[in-house]
There are 2 protein chains.
Amino acid sequence: MREKQSIEAMSQFLKALSDSTRLEIIRRIQGKEHCVCEFVEMFDISQPAISRHLKVLKTAEVILERRDRQWIYYRLNEAHPQYGIVLQILKGLESEPALSPACGC
Amino acid sequence: MREKQSIEAMSQFLKALSDSTRLEIIRRIQGKEHCVCEFVEMFDISQPAISRHLKVLKTAEVILERRDRQWIYYRLNEAHPQYGIVLQILKGLESEPALSPACGC
DNA sequence: AATGCATATAATCATTTCGTTATATACTAT
DNA sequence: ATAGTATATAACGAAATGATTATATGCATT
């Protein structure tokens with residue numbers, strides 16, 4: 001059963017994306033790569049926390065890194081097999097209306 | 001800033017989907033609604049565990065429920081504002097190759 | 001009303017996640 | 001070599017997650 005594996009991989013991939021900070025990171029990263037220090041300025045969490053979020057995204061191969069001297073730049077991995085999902089999410093972020101609580105019917 | 005809210009909502013939505021059991025549920029639910037007892041047979045976890053997974057998906061409005069006598073049937077909510085993401089995920093599940101560990105370059 | 005089946009909720013526990021502070025590593029410049 | 005800046009890792013704690021067992025609820029049948 002390769003389905004099991006596929007489901008597991010997808011779950012891991014989505015977990016990497018299902019965090020506000022990481023969503024904001026990939027939103028900002030669209031079109032232009034950013035170095036870690038830019039994210040550190042952008043968020044109200046510590047530099048190590050940012051670093052770990054970037055590592056989660058990198059491990060899931062959602063983003064790629066490039067070193068230039070002392071700086072490390074991150075960009076979207078447009079070659080990811082599930083890049084279509086990333087795009088759909090980014091599109092959804094542009095104008096998502098607030099979700100109302102489930103009515104359940 | 002409504003972006004904050006949008007990001008938070010998206011994060012919640014993705015969290016609901018980023019679990020193997022719940023992905024399997026929505027995969028099976030495609031096209032045909034299922035009652036809870038069918039999921040209970042399908043998975044190796046307890047009935048209360050299934051029930052809670054269904055509740056997570058229902059709260060996120062990913063699925064809708066319908067009661068028929070003692071049975072409760074669940075189906076995909078095709079009217080969800082982010083249904084496009086659900087479709088993209090289901091598509092990705094059909095033939096996703098295993099992800100190799102990140103090379104990091 | 002009593003019993004049985006389908007489903008949900010509560011209480012509890014182990015594991016994972018995400019933050020912090022402290023420290024290590026990599027590169028730059030003096 | 002030393003010091004400074006950029007980034008990563010380690011150690012730890014609080015909160016969230018996902019499982020279990022026990023129990024409650026809703027509906028059907030006798």
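Note that the structure is a prediction, hence the values are computed from the model and not measured. Residue numbering restarts at 1 for every chain, and letters A, B, ... go by the order of the sequence lines.
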Could you check which of D:dG18, D:dT21, C:dT20 has an atom nearest any side-chain atom of B:Ser46? D:dT21
Counting only side-chain N and O atoms of B:His53, is one of them less than 4.0 Å from OP1 or OP2 of D:dT17? no
Pairwise side-chain contact, B:Phe13 with B:Ile85, heavy-atom cut-off 4.5 Å (strictly under): yes
Identify, between A:Pro48 and B:Cys37, the residue whose nearest nucleotide on DNA chain C lies closer to the 5' end. B:Cys37
Nucleotide C:dA8, atom P - distance to CG of B:Leu54 in whole Å: 7 Å
Taking only side-chain nitrogens and oxygens of A:Lys55, does any of them come within less than 4.0 Å of OP1 or OP2 of D:dT9? yes
Measure NZ/B:Lys58 against P/C:dT7 and give the value in whole Å, please. 12 Å
Between the base of D:dA8 and the side chain of A:Gln47, is there a donor-acceptor distance below 3.5 Å? yes
Between B:Tyr74 and C:dA8, does any side-chain N or O lie under 4.0 Å from OP1 or OP2? yes
Applying a 4.0 Å non-hydrogen cut-off, can you work out what B:Phe39 is touching in the nucleic acid: base, sugar-phosphate, or nothing? nothing
Stepwise ring-ring contact (aromatic ring centres under 6.0 Å, His included) test for B:His34 and B:Tyr74: CA-CA 5 Å; B:His34 284 65; B:Tyr74 288 94; over 10 Å; no
Return the value, rounded to whole Å, for the distance between atom CG of A:Leu57 and atom C1' of D:dT7. 16 Å
Measure from CH2 on A:Trp71 to C1' on D:dA8 and round the result to the nearest Å. 17 Å
More than 12 heavy atoms of other residues, nucleotides or ligands under 6.0 Å from CZ of A:Arg52: yes or no? no
Just by distance, do the side chain of A:Ser11 and the backbone of A:Ile7 share a donor-acceptor pair under 3.5 Å? no
Which of D:dG26, D:dT7, D:dT20 is nearest the side chain of B:Ala49? It is D:dT20
Between atom CD1 in A:Ile72 and atom P in C:dT25, what is the gap in whole Å? 15 Å
What is the separation between atom CG on A:Asp68 and atom P on C:dT28, rounded to the nearest whole Å? 9 Å
Measuring to OP1 and OP2 of D:dG18, would you say a side-chain N or O of B:Arg22 lies under 4.0 angstrom away? yes
Rounded to the nearest angstrom, tell me the gap between atom CZ in A:Arg69 and atom P in C:dA29. 7 Å
salt_bridge(B:Glu94, B:Lys91) N-O dist < 4.0 Å: no
Taking any heavy-atom pair under 4.0 Å as a contact, classify B:Tyr73: base, sugar-phosphate, or nothing. nothing
Atom NZ of B:Lys15 and atom P of C:dT16 are separated, to the nearest Å, by 16 Å
From the list C:dA6, D:dT20, C:dT9, which nucleotide is the closest neighbour of the side chain of B:Gln70? C:dA6
